S.K.: 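Have a look at this one before I ask anything.
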Amino acid sequence: MESNSKLETAGKVLRCKAAICRNPGEPLVIEDIEVDPPKAWEIRIKIICTTLCHTDITYWKMKSGLVAAFPRIFGHEAVGVVESVGEYVEEFIVGDTVLPVFLPNCNECRDCKSQKSNLCTKFQNNYPPNMPRDGTSRFRDMNGEILHHFLWVSSFTEYTVVDVTHAVKITPEIPADKACLLGCGVSTGIGAAWKVAEVEEGSTVAIFGLGPVGLAVAEGARQRGALKIIAVDLNPEKFDIGKKFGVTDFINPKTCGEKSVSEVIKELTNGGADYCFECIGLASLMQEAFLSSRKGWGKTVILGVEMHGSQLSLNPYEFLRGRSVIGTLFGGA
């Protein structure tokens, strides 16, 4: 693809295939769609590789609320090549390999200029179902019906349109199947260990949920020199996978007998883990992770999106003993 010239498709509506979810919880259907050209401060991307995140599944099941918009094109972990650019776009040119990301970065607001936050205040992080600047969609089905965006990425399509604040240029040398994971899971887990928790050498870590995010947390903790990395999961087959990422101990809640997971972790760590990470999205596990942390300085990092809308209930007295809880999106990246 020539980076210094426009393609014949630039400025035109493209027809391509996409996986559409018509109603919550229903199977996705591959259909032909039309994708509009990018407007000002937007780029149109040819998707090379995309993957599935648990957050896609969580929103796929939502039947009500502001974020439950259907029909919709899901997907937010992907990598692609810029096919065309809209007016005022200076950051990207045709042919650039880019990573679309669900968190905006305007480079202008106080939060984007600070290292303390990754939540842009110019483009509020409330995930409307369409483009961030004008609130309209760039997708239509062949009957002319509007198809809604998802997390400002919508990667389950051959072509998508994203705002320039939602894309990062990367080197094309990174294999596409690995690069796409940087759009959510890997960056979330690695960032949580490095940037949010700041895991120290010789510390103890407990990870609740050993999916892609949990594995990335383990890898980040291993890189930081954690002495003991404990994984909590119902699937014992994940232990062998986890060991490749630095996991030293495995707890299956089904085999704990009368003991709670937090009691087992306290025994393994002589009082509680220095850092606990909840990577599933269940309030009950967030509470268990908090109780598994060490009194005095234990930090619990919440990464999972609570899938049932349940509230987290914690005893305020426990905070007086030095424990803390912090949440993060995208691992602070």
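Bear in mind that the values here come from a model prediction, so they are computed numbers and not experimental data.
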S.K.: If every non-hydrogen atom of Phe277 is compared with every non-hydrogen atom of Ala197, which pair is closest and at what distance?
M.R.: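 Scanning both residues, the minimum pair turns out to be CZ-CB, 3.7 Å.
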
S.K.: Picking from Thr300, Leu314, Leu282, what satisfies side-chain contact (heavy atoms from CB on, under 4.5 Å) with Gln287?
M.R.: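 Testing each of Thr300, Leu314, Leu282 against Gln287, the sole residue satisfying side-chain contact (heavy atoms from CB on, under 4.5 Å) is Leu314.
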
S.K.: Do Tyr159 and Ile33 have side chains that approach each other closer than 4.5 Å (heavy atoms only, starting at C-beta)?
M.R.: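 Contact flag for Tyr159/Ile33 side chains = no.
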
S.K.: Say you draw a straight line from CG of Asp96 to CD1 of Ile45; how long is it, rounded to the nearest 0.5 Å?
M.R.: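 CD1 of Ile45 is found 10.0 Å from CG of Asp96.
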
S.K.: Find out if a path of hydrophobic residues (ILVMFWY) with successive side-chain heavy-atom gaps under 4.5 Å connects Leu181 to Leu52.
M.R.: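 Yes, because Leu181 and Leu52 connect within a single hydrophobic cluster, where side-chain heavy atoms sit under 4.5 Å apart.
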
S.K.: Is there a path from Ile170 to Val186 through hydrophobic residues (I, L, V, M, F, W, Y) whose side chains come within less than 4.5 Å of each other?
M.R.: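 Yes, same cluster.
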
S.K.: Check Gly185 against Glu77 and note the closest heavy-atom contact, atom names and distance.
M.R.: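 So the minimum-distance heavy-atom pair works out to N-OE2, 2.7 Å.
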
S.K.: If only side-chain N and O atoms count, and only distance matters, is there a donor-acceptor pair under 3.5 Å linking Tyr275 with Glu198?
M.R.: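 The answer is no; no qualifying pair exists.
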
S.K.: Would you name the heavy atoms of Ile251 and Cys256 that are closest together and state the gap between them?
M.R.: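 So the two residues come closest at CG2-SG, 3.6 Å.
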
S.K.: Counting distance only, does the side-chain N/O of Asp240 pair as donor-acceptor with the main-chain N or O of Glu237 below 3.5 Å?
M.R.: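 It does not hold such a pair.
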
S.K.: Do the side chains of Val196 and Val101 join up, straight or via other hydrophobic residues, at under 4.5 Å, putting them in one cluster?
M.R.: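 No, because Val196 and Val101 fall into different hydrophobic clusters, even though each may have its own neighbours under 4.5 Å.
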
S.K.: Parallel, tilted or perpendicular: which describes the rings of Phe150 and His76, with under 30° parallel and over 60° perpendicular?
M.R.: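 It falls in the perpendicular class, over 60°.
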
S.K.: Take Phe290 and Cys276, measure what side-chain contact (heavy atoms from CB on, under 4.5 Å) needs, and give me the verdict at the end.
M.R.: CA-CA 7 Å; Phe290 177 75; Cys276 294; over 6 Å; no

S.K.: Side chains of Met286 and Glu306, heavy atoms from C-beta outward: is any pair under 4.5 Å?
M.R.: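 Yes; the side chains approach each other to less than 4.5 Å.
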
S.K.: Please check: side-chain N/O of Arg138 versus main-chain N/O of Val161, any donor-acceptor pairing under 3.5 Å?
M.R.: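 No, Arg138 side chain to Val161 backbone: no donor-acceptor pair under 3.5 Å.
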
S.K.: Measuring from Arg224:CZ to Glu201:CD, what's the distance to the nearest 0.5 Å?
M.R.: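 Answer rounded to 0.5 Å: 10.0 Å.
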
S.K.: Have a look at Phe156 and tell me which of Ile20, Leu28, Ile30 forms a side-chain contact (heavy atoms from CB on, under 4.5 Å) with it.
M.R.: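 Checked Ile20, Leu28, Ile30 against Phe156; only one passes side-chain contact (heavy atoms from CB on, under 4.5 Å): Leu28.
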
S.K.: Using 0.5 Å steps for rounding, measure from the SG atom of Cys279 to the CG atom of Leu303.
M.R.: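 Answer rounded to 0.5 Å: 4.5 Å.
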
S.K.: Under the ring-ring contact (aromatic ring centres under 6.0 Å, His included) rule, collect the residues that match up with Tyr317, sequence neighbours excluded.
M.R.: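 ring-ring contact (aromatic ring centres under 6.0 Å, His included) check on Tyr317 returns nothing, list empty.
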
S.K.: Keeping the roles fixed (side chain from Arg72, backbone from His149), state whether a donor-acceptor pair exists under 3.5 Å.
M.R.: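 Checked: pair present.
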
S.K.: Can you tell me if Trp41 uses its side chain to pair, donor with acceptor, with the backbone of Val89 under 3.5 Å?
M.R.: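 Judged by distance alone, no pair lies under 3.5 Å.
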
S.K.: Would you say that Val85 contacts Ile93 through its side chain, given a criterion of any heavy-atom pair below 4.5 Å between the two side chains?
M.R.: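 Side-chain contact under 4.5 Å: no.
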
S.K.: Are any of the side-chain heavy atoms of Pro71 and Arg22 separated by less than 4.5 Å?
M.R.: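 Yes - at least one pair of side-chain heavy atoms lies under 4.5 Å apart.
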
S.K.: Do Ser292 and Arg294 pair up side chain to side chain, a donor and an acceptor below 3.5 Å, judged on atom types alone?
M.R.: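 Arg294 and Ser292 do not have a side-chain donor-acceptor pair below 3.5 Å.
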
S.K.: For side-chain contact (heavy atoms from CB on, under 4.5 Å), just list the numbers for Ser84 and Thr9, CA-CA rounded to whole Å, side-chain angles, deciding distance to a tenth of an Å, and then say yes or no.
M.R.: CA-CA 8 Å; Ser84 59; Thr9 54; 5.9 Å; no

S.K.: If every non-hydrogen atom of Gln311 is compared with every non-hydrogen atom of Ala283, which pair is closest and at what distance?
M.R.: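 Here Gln311 and Ala283 meet closest at O-CB, 3.6 Å.
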
S.K.: Test salt bridge (charged side-chain N to carboxylate O under 4.0 Å, His left out) on Lys17 and Glu158; report intermediate values, then the result.
M.R.: CA-CA 6 Å; Lys17 292 189 180 298; Glu158 292 179 301; over 6 Å; no

S.K.: Got a donor-acceptor contact below 3.5 angstrom from the Ser187 side chain to the Leu182 backbone?
M.R.: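 Looks like yes, one N/O pair under 3.5 Å.
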
S.K.: Under 4.5 Å between side-chain heavy atoms, counting indirect links through other Ile/Leu/Val/Met/Phe/Trp/Tyr residues: same cluster for Leu234 and Leu215 or not?
M.R.: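 Cluster IDs for Leu234 and Leu215 differ.
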
S.K.: Would you say Glu288's side chain and Val261's backbone share a donor-acceptor pair under 3.5 angstrom?
M.R.: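 Such a contact is found between Glu288 side chain and Val261 backbone.
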
S.K.: Check step by step if salt bridge (charged side-chain N to carboxylate O under 4.0 Å, His left out) holds for Asp163 and Arg133.
M.R.: CA-CA 8 Å; Asp163 193 274; Arg133 295 180 194 257; 2.5 Å; yes

S.K.: Thinking salt bridges, do Asp111 and Lys122 make one under a 4.0 Å N-O criterion?
M.R.: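 No.
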
S.K.: Using modelled atom types and a 3.5 Å cut-off, is there a donor and acceptor pairing between side-chain atoms of Glu278 and backbone atoms of Gly281?
M.R.: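 At least one qualifying donor-acceptor pair exists.
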
S.K.: Ignoring hydrogens and geometry beyond distance, is a side-chain donor-acceptor pair present between Thr50 and Ser155 at under 3.5 Å?
M.R.: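 Yes - a donor-acceptor pair under 3.5 Å links their side chains.
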
S.K.: Answer yes when Lys46 and Glu83 have at least one side-chain N-carboxylate O distance shorter than 4.0 Å, and no when they do not.
M.R.: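 A salt bridge is absent here (no side-chain N lies under 4.0 Å from a carboxylate O).
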
S.K.: Start with the C-alpha gap between Phe139 and Thr160, add the side-chain angles, then the distance that decides, and say whether side-chain contact (heavy atoms from CB on, under 4.5 Å) holds.
M.R.: CA-CA 8 Å; Phe139 303 123; Thr160 190; 3.4 Å; yes

S.K.: Less than 4.5 Å apart, any side-chain heavy atom of Val13 and any of Asp36?
M.R.: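 The answer is yes, as the side chains (C-beta and beyond) meet within the 4.5 Å cut-off.
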
S.K.: Could you state the interatomic distance from CG (Leu329) to CD1 (Ile302), rounded to the nearest 0.5 Å?
M.R.: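 These two atoms lie 11.5 Å from each other.
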
S.K.: Does Asp233 reach the main-chain N or O of Asn235 with its side chain, forming a donor-acceptor pair under 3.5 Å?
M.R.: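 Yes, the answer is positive, given that a donor and an acceptor are paired below the 3.5 Å cut-off.
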
S.K.: Could you name each residue pair satisfying ring pair (Phe, Tyr, Trp, His ring centres under 6.0 Å) that touches residues 171-222, not counting sequence neighbours?
M.R.: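 Sorted result for residues 171-222: empty, none.
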
S.K.: Can you tell me how far apart CZ (Phe250) and NZ (Lys238) are? Round to the nearest 0.5 Å.
M.R.: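 One gets 8.0 Å once the value is rounded to the nearest 0.5 Å.
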
S.K.: If you take all heavy atoms of Asp249 and Phe239, which pair is closest and at what distance?
M.R.: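 Answer, listing the atom of Asp249 first, then Phe239: C-CE1, 3.9 Å.
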
S.K.: Check whether Thr188 reaches the backbone of Cys184 with its side chain - one donor and one acceptor, N or O, closer than 3.5 Å.
M.R.: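 Between the backbone of Cys184 and the side chain of Thr188 there is a qualifying donor-acceptor contact (under 3.5 Å).
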
S.K.: Once rounded to the nearest 0.5 Å, what's the spacing between atom CD of Glu318 and atom OG of Ser324?
M.R.: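 One gets 12.5 Å once the value is rounded to the nearest 0.5 Å.
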
S.K.: I want to check something: taking the side chain as every heavy atom from C-beta on, are Thr328 and Lys195 in contact at a cut-off of under 4.5 Å?
M.R.: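 SC-SC contact between Thr328 and Lys195 ruled out.
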
S.K.: Could you check whether Asp274 and Thr204, counting side-chain N and O atoms only, form a donor-acceptor pair closer than 3.5 Å?
M.R.: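 Yes - a donor-acceptor pair under 3.5 Å links their side chains.
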
S.K.: Any donor and acceptor pair, going by atom type alone, linking the side chain of Ser137 with main-chain N or O of Leu147 inside 3.5 Å?
M.R.: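 Pair found, side chain donor or acceptor close to backbone of Leu147.
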
S.K.: Is it true that Arg222 and Glu219 make a salt bridge, defined as a side-chain N closer than 4.0 Å to a carboxylate O?
M.R.: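 Judged by the 4.0 Å cut-off on N to carboxylate O distance, Arg222 and Glu219 do form a salt bridge.
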
S.K.: Kindly state whether the ring of Phe74 and the ring of Tyr59 have centres lying under 6.0 angstrom apart.
M.R.: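 Ring centres of Tyr59 and Phe74 not closer than 6.0 Å.
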
S.K.: Should Ile265 and Val205 be counted in the same cluster of Ile, Leu, Val, Met, Phe, Trp and Tyr side chains packed under 4.5 Å apart?
M.R.: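 No; tracing contacts between hydrophobic side chains, which count when under 4.5 Å, never links both residues.
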
S.K.: Tell me the closest heavy-atom pair linking Ala333 and Leu103, and the distance in Å.
M.R.: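 Looking at all heavy atoms of both residues, the closest pair is O-CD1, 4.4 Å.
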
